Amino acid sequence: VDGRLAKLVGRGACSIPLRNPLSEDLDSMRVMLAPNLLQVIERNAAFGSSDVSVFEIGKVYYRAGDEIGERMAVGGAVSGNLWRSAWNLPVEALAVDFFTVKGIVESLLGGLGVEGARFETTEDPLLHPTRAARLMVGDRQLGILGEVAPGAAESIGIRERAYVFELEFEPLMEVTPETLRYEVLPR
């Protein structure tokens, strides 16, 4: 995790420092996918591309007492507009928002056959206080989603609103049915 963002979101204590880092920027193992995805948005914006949608399935690390472990996570980040123009809509109507990222997560859950998912309010230092949610299935939290907090976006250098989601892979697979039923398309 980038040190600037880790300090801001309070995950500095959760970061896992390396003994012999390759550089100052790569001095710890990441504990979340979202900061790296936000850096992709910032880099694209620096080159003039503000409409960005990225995702990643990768390893993140955690510390449990003296033990360090790794887990898989699924994350995504979006900013800008969905489309550049539409014949019947103004450009402002095509901007991504909280419901865009919520729809992406719902689409993923629908494709996996996950039922009974619900979104609850949450407080996370990375996310906006009123535009954030946690994904729950039963009594298990699978992840978070929402608009990036203004302070976090500013620390990375993002000027537009950005939205992220991050889900834990193993718990997601545990709530996915073993067999999916597909309906035959009508002729």
Side-chain angles (χ1 to χ4, degrees), residues 1-12 14-15 25-26 28-62 70-84 91-112 114 117 119-136 141-172:
V1 176
D2 187 322
R4 299 170 294 170
L5 189 60
K7 289 176 188 169
L8 180 74
V9 299
R11 288 186 171 83
C14 299
S15 67
D25 293 342
L26 304 171
S28 61
M29 296 189 297
R30 64 184 178 178
V31 294
M32 291 184 75
L33 297 176
N36 295 94
L37 295 171
L38 292 172
Q39 287 175 340
V40 170
I41 287 177
E42 184 274 328
R43 184 156 173 82
N44 278 279
F47 286 107
S49 179
S50 61
D51 303 332
V52 180
S53 298
V54 294
F55 77 95
E56 180 179 359
I57 300 173
K59 292 181 181 178
V60 293
Y61 301 89
Y62 64 90
E70 67 181 24
R71 61 179 175 81
M72 294 292 288
V74 179
V78 294
S79 71
N81 290 336
L82 295 175
W83 302 279
R84 190 43 60 195
V91 173
E92 299 82 33
L94 303 172
V96 298
D97 59 7
F98 173 82
F99 297 103
T100 305
V101 79
K102 182 177 180 259
I104 292 168
V105 171
E106 287 174 333
S107 226
L108 172 67
L109 296 174
L112 292 173
V114 176
F119 298 91
E120 298 179 352
T121 58
T122 188
E123 292 182 18
D124 189 289
L126 176 65
L127 301 176
H128 191 281
T130 60
R131 298 181 196 118
R134 63 182 177 164
L135 173 64
M136 302 290 292
Q141 179 176 332
L142 296 185
I144 58 169
L145 64 134
E147 182 180 332
V148 177
E154 184 180 315
S155 75
I156 295 174
I158 297 174
R159 293 185 198 101
E160 291 191 31
R161 288 183 173 181
Y163 300 84
V164 296
F165 69 89
E166 186 158 337
L167 310 175
E168 293 186 37
F169 185 79
E170 282 86 11
L172 180 62

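For reference, positions follow the sequence shown, starting with 1. Nothing here was measured: the structure is a model prediction, and the numbers come from that model. Hydrogens, waters and symmetry mates are skipped; everything else that's a heavy atom, side chains included, is used.
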Check whether any side-chain heavy atom of [X] lies under 4.5 Å from a side-chain heavy atom of [Y], and answer yes or no.
X: Val164; Y: Leu37; result: no
X: Leu108; Y: Val114; result: no
X: Val148; Y: Ile158; result: no
X: Asp97; Y: Tyr163; result: yes
X: Leu135; Y: Leu109; result: yes
X: Leu126; Y: Leu38; result: yes
X: Arg161; Y: Arg131; result: yes

### Message
The test is side-chain contact (heavy atoms from CB on, under 4.5 Å); show your working for Val96 and Val101 and say whether it passes.
### Response
CA-CA 8 Å; Val96 298; Val101 79; over 6 Å; no
### Heavy atoms of other groups near Glu123 CD, more than 12 under 6.0 Å
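12 or below, so no.
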### Neighbour count above 12 (heavy atom, 6.0 Å) for Arg71 CZ
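Yes, because the 6.0 Å sphere around CZ of Arg71 holds more than 12 heavy atoms from other groups.
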Heavy-atom closest pair, residues [X] and [Y]:
X: Phe98; Y: Ala133; result: CZ-CB, 3.9 Å
X: Gly80; Y: Glu160; result: CA-OE1, 3.5 Å
X: Glu70; Y: Tyr62; result: N-CE2, 3.7 Å

When rounded to the nearest 0.5 angstrom, what distance separates [atom1] in [X] from [atom2] in [Y]?
X: Leu33; Y: Ile57; atom1: CG; atom2: CD1; answer: 9.5 Å
X: Gln141; Y: Glu120; atom1: CD; atom2: CD; answer: 8.5 Å
X: Arg134; Y: Asp124; atom1: CZ; atom2: CG; answer: 11.5 Å
X: Leu127; Y: Thr122; atom1: CG; atom2: OG1; answer: 7.5 Å
X: Asn44; Y: Gln39; atom1: CG; atom2: CD; answer: 12.5 Å
X: Glu168; Y: Met72; atom1: CD; atom2: CE; answer: 12.5 Å

### Query
Does a side-chain N-to-carboxylate-O contact under 4.0 Å join Glu166 and Arg30?
no
### Message
I'd like to know if the side chain of Asp51 and the backbone of Asn81 have a donor-acceptor N/O pair within less than 3.5 Å.
### Response
yes
### Query
Is there a donor-acceptor pair closer than 3.5 Å between any side-chain N or O of Ser79 and the backbone N or O of Ser50?
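Yes; judged by distance alone, with no hydrogens or angles, the pair exists.
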### Task
Show the numbers, then the answer: is there a side-chain contact (heavy atoms from CB on, under 4.5 Å) between Ile104 and Phe55?
CA-CA 11 Å; Ile104 292 168; Phe55 77 95; over 6 Å; no
